[in-house]
Amino acid sequence: MTAAEIFGLCGAALVGVGVYGLVIAPEPLRKLLAFNLLGGGIFLLFGAVARRGAGAGLGGDPVPQALVITGLVVAVAATALAVALLLRLFEASGDVSLRNDPPPAPEPES
Amino acid sequence: MSLLADLLTIVGVGAGAFFFLAGTVGLLRFPDTLTRLHALTKADNLGLGLIVLGLLPRAGLSGGLKLIVIWALVLLASSSASQLIARVAHRGERER
Amino acid sequence: MSLLFDIVLSLIVVALAVRVIVAEDGFAAVVSFAAYGLLVALAWVRLYAADVSLTEVAISGGLAGMLLIGAASRLRAIDARAAAQRSGRGVRLFAALLSCGVAGGLGLAVLALPDPAPSLAEAAVANLPPTGVGNPVTAVLMAFRATDTLLETVVVVLALVGVWSLAPDRLWGGRPGAREHADPNGPLAFLARVLPPIGVVVAVYLLWAGASEPGGAFQGGAILAATWLLVIMAGLSDAPATHGHGLRWLLVAGPLLFLAVGFAGIWLADAFLAYPTDWAKALIVAVEVAKLLSVAAALGLLLLGPPRRIDTP
Amino acid sequence: MNGFLLFAGSLVLAFVALGLRRVLRGPGDADRMMAVLLLGSGGIAALLLQGVATGMPGVIDVALSLALLAAFASIAFAKAAERAPDEAPGETS
């Protein structure tokens, strides 16, 4: 076993956990976290590939590493947008259910 | 000289790891939020300080300075953060 | 010996990820997620990707943690109601099978990666001298794949426009968030006075070190953004009004300068986003400085959320 | 010697993992927030041991950033708890 393989498998497991959470979690915030776990798993897979591509005196291939940096910043921007949407929905309706059935009557905000 | 430095590293890092163990034991054994917070912040920051001390002879001059700055920052941040957390916990307990 | 470290670390990371999904309330899930992010930063160090690790620390340790903890405590009121809608047994079984399939397939792919691994490391190092920077990751971000980075800075601004457009019409251009107040002698105000100078120094240092060692504009920008938010949360400074021209120019300065340098490359160096050899390092550092400020402003405002109040004169 | 440093790093990580198990169980939010504090000091210790043992450039800078940002999640937590004084944030759920 090498570090690349261990963290590659860890990334694969994270993708699995993320997919599971994305399907079963009832709360949108939890789905958002699950989506981030899924993305984090993919980033770790990139990291494993980068580590295997070590050469030329570098510990890892810089191209996938740079792609992961770009991906992390885009992921946090998207997460912030999603959280803002979620809070706005909560303010407007008092609920953030993603179900199709009609939501319970909105409660007055405290 | 290098033997002395190695000895300092072993003693410092070993003692640091021991304090992390102590902090964890405190977390597992102490009965309520405030005492657990106490165990965590005191023991772990002392452990980090000892580890920094042990690593100093191996880090060079600018690296060693950075290590000391890191420890100072952690002390500052974790003492203030634990104060903030303790206030929240304390208020929660009073309201119950 | 280091394999032991890797295995322990991987197991904790996966266990925390599982906790994020199964934790009983949203707040517990969010805290587990923050802990997971900090540990993934350790994993990046083990994968010899210190640049990525710095980004992960700045983003999940600083920004994402603050964002999600705030959101979880505001959404607490509906936690119980959401928990009542838990998926049925059939759905859970299906999801478990699906995720096992996906994870198993990816795991097999990881174990069956081609040997010797394809790598661009040699090419990146060979083409390093014309860019003038010593850190190959910075060279990839700013020169070899500069289009990605340019579009990414645009994406961050677009996400901010999306967040702002959630405000009702009458609040457009107002200030985000509530006016914060804190005990001027409390620990929060103390931290907000002591940490910002250190944060600014670290951000500038990371930007400067990024030319030759791990670091760069995103890492510095994220730290600068977190520092700015600390000052606002402690009530020492108010969030800026989003209609300000200065603020809006600051937000687009990074992408604009990047684009301008890119177009200048067409006749100075024969290609879009190419740098003339003699000027490459100076241009890269100039774009990085502008990007640092724009990314910091955009990330900070993203976390503050849509405008909520208009100044009453 | 480097093997010793890496072993100490694994040990610290294992202790931190045990502590994490305890604090994430709660019962209150304040207990859970300790997870971030715990990783602040424990994660930095593991990083420093790694960085000095392998001599990889930049690892100390990662620890420096982590030290700077260690308090931020707790600050967000304290502000959020202040904003919602009607719920008892110490020992809910």
Side-chain angles (χ1 to χ4, degrees), chain B residues 6 9-10 13-14 16-18 20-29 32-34 36-37 39-41 43-48 50-52 54-55 58-59 63 66-67 69-96, chain D residues 1-2 4-5 7-9 11-23 27-31 33-34 36-38 40-42 44-49 51-53 55 60-61 63-64 66-75 77-82 85 87-92:
Chain B
D6 280 359
T9 303
I10 290 179
V13 172
F18 172 76
F20 273 97
L21 173 65
T24 297
V25 170
L27 274 185
L28 295 177
R29 300 285 305 158
D32 64 64
T33 306
L34 292 179
R36 282 196 288 267
L37 193 58
L40 173 69
T41 46
D44 281 13
N45 287 326
L46 185 55
L48 182 63
L50 286 167
I51 285 179
V52 163
L55 292 178
R58 308 177 66 79
K66 254 189 222 167
L67 289 183
V69 169
I70 289 172
W71 187 49
L73 264 180
V74 170
L75 280 186
L76 183 72
S78 93
S79 54
S80 312
S82 62
Q83 173 86 356
L84 288 169
I85 293 179
R87 285 188 181 193
V88 176
H90 188 59
R91 208 176 58 201
E93 263 170 30
R94 253 192 341 212
E95 280 172 9
R96 234 161 2 121
Chain D
M1 183 52 100
N2 285 343
F4 168 73
L5 292 184
F7 177 69
L11 218 55
V12 169
L13 198 64
F15 296 151
V16 167
L18 279 178
L20 270 184
R21 261 182 68 91
R22 172 65 194 86
V23 289
D29 292 350
D31 278 283
M33 273 317 293
M34 281 184 225
V36 180
L37 274 186
L38 184 64
S41 42
I44 288 170
L47 271 175
L48 291 180
L49 289 167
V52 173
I60 308 277
D61 290 348
L64 181 64
L66 187 51
L68 183 68
L69 298 173
F72 281 65
S74 311
I75 294 169
F77 166 68
K79 285 308 279 190
E82 206 174 277
E87 302 147 1
E91 306 256 330
T92 45

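Chain letters run A, B, ... following the sequence lines, proteins first, then strands; residues in each count from 1.
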Minimal non-hydrogen separation, [X] against [Y], with atom names:
{"X": "D:Ser41", "Y": "B:Phe20", "result": "O-CZ, 3.8 Å"}
{"X": "D:Ala78", "Y": "B:Val88", "result": "CA-CG2, 4.0 Å"}
{"X": "D:Ala67", "Y": "B:Ala77", "result": "O-CB, 4.0 Å"}
{"X": "D:Gly19", "Y": "B:Leu27", "result": "CA-CD1, 3.8 Å"}

Give the member of B:Leu48, B:Ile85, B:Asp44, B:Val74 that has the highest number of heavy-atom pairs under 4.5 Å with chain D.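 Among B:Leu48, B:Ile85, B:Asp44, B:Val74, the one with the most close pairs to chain D is B:Ile85.
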
Taking side chain as C-beta onward, heavy atoms only, is [X] less than 4.5 Å from [Y]?
{"X": "D:Asp61", "Y": "B:Lys66", "value": "yes"}
{"X": "B:Ile70", "Y": "D:Leu66", "value": "no"}
{"X": "B:Ile10", "Y": "D:Phe4", "value": "yes"}
{"X": "B:Val25", "Y": "D:Leu18", "value": "no"}
{"X": "D:Leu5", "Y": "B:Leu55", "value": "yes"}

Option from D:Val52, D:Ile44, D:Val12 for which side-chain contact (heavy atoms from CB on, under 4.5 Å) with B:Ile51 holds: D:Val12

Proximity breakdown for D:Leu49 and chain B, heavy-atom pairs closer than 4.5 Å: both

Quick one: do D:Met34 and B:Thr33 satisfy side chain to side chain contact (heavy atoms under 4.5 Å, CB included)? Show the steps, please. CA-CA 9 Å; D:Met34 281 184 225; B:Thr33 306; 3.9 Å; yes

Considering only heavy atoms, which portion of [X] lies under 4.5 Å from any heavy atom of chain D: side chain, backbone, both, or neither?
{"X": "B:Ser80", "value": "neither"}
{"X": "B:Thr41", "value": "side chain"}
{"X": "B:Leu76", "value": "neither"}
{"X": "B:Leu40", "value": "side chain"}

B:Thr24 side chain to D:Phe15 main-chain N or O, any donor-acceptor pair under 3.5 Å?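 Such a contact is found between B:Thr24 side chain and D:Phe15 backbone.
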
Sidechain-backbone polar pair: B:Arg36 side chain, D:Arg22 backbone, donor-acceptor under 3.5 Å: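 Not a single qualifying donor-acceptor pair exists.
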
